[in-house]
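What follows is one structure encoded as structure tokens, with my remarks underneath.
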Amino acid sequence: MKKDLKQEDQMITAFPDVKIEKHQIAVGEKEVGAFMVMACDGIWDCMTSQQVIDFMKDRLTKGKNSNKNQLLSKYVENLLDKIVAPDVATSGGIGCDNM
């Protein structure tokens, strides 16, 4: 820990980066709502906010209505499978932790 930096300015800190963006999901002409993705920095190292929104939006608008909680868990699992590093040795540390 660097003594000359405030706690929130340290390399490793418990202070979150908070970013507020407004997004609406539309299916055809009908607006069906919005959602929020809370994730750690490992996710944002691999995808932009818009890429995550588009990934989830695509699945949410095409998903069946049977069990939304089960579907949502599957979509998150798919997202993590997409961005996890296939080879830790060559990834440069991206996609290895903080998922």
Stepwise side-chain contact (heavy atoms from CB on, under 4.5 Å) check, L80 with E77: CA-CA 5 Å; L80 294 173; E77 182 181 330; 5.9 Å; no
Separation between OH of Y75 and CE of M56, rounded to the nearest 0.5 Å: 8.0 Å
Interatomic spacing from CG in N78 to CD1 in I83 - rounded to 0.5 Å: 11.5 Å
Which atom of D81 lies closest to which atom of V84, heavy atoms considered: O-CG1, 3.7 Å
Spacing of Q50 atom CD and I53 atom CD1 [to the nearest 0.5 Å]: 6.5 Å
Residue pair L79 / R59, side-chain heavy-atom distance below 4.5 Å: no
Nearest-0.5 Å distance, CD1 of residue I43 to CD of residue Q51: 12.0 Å
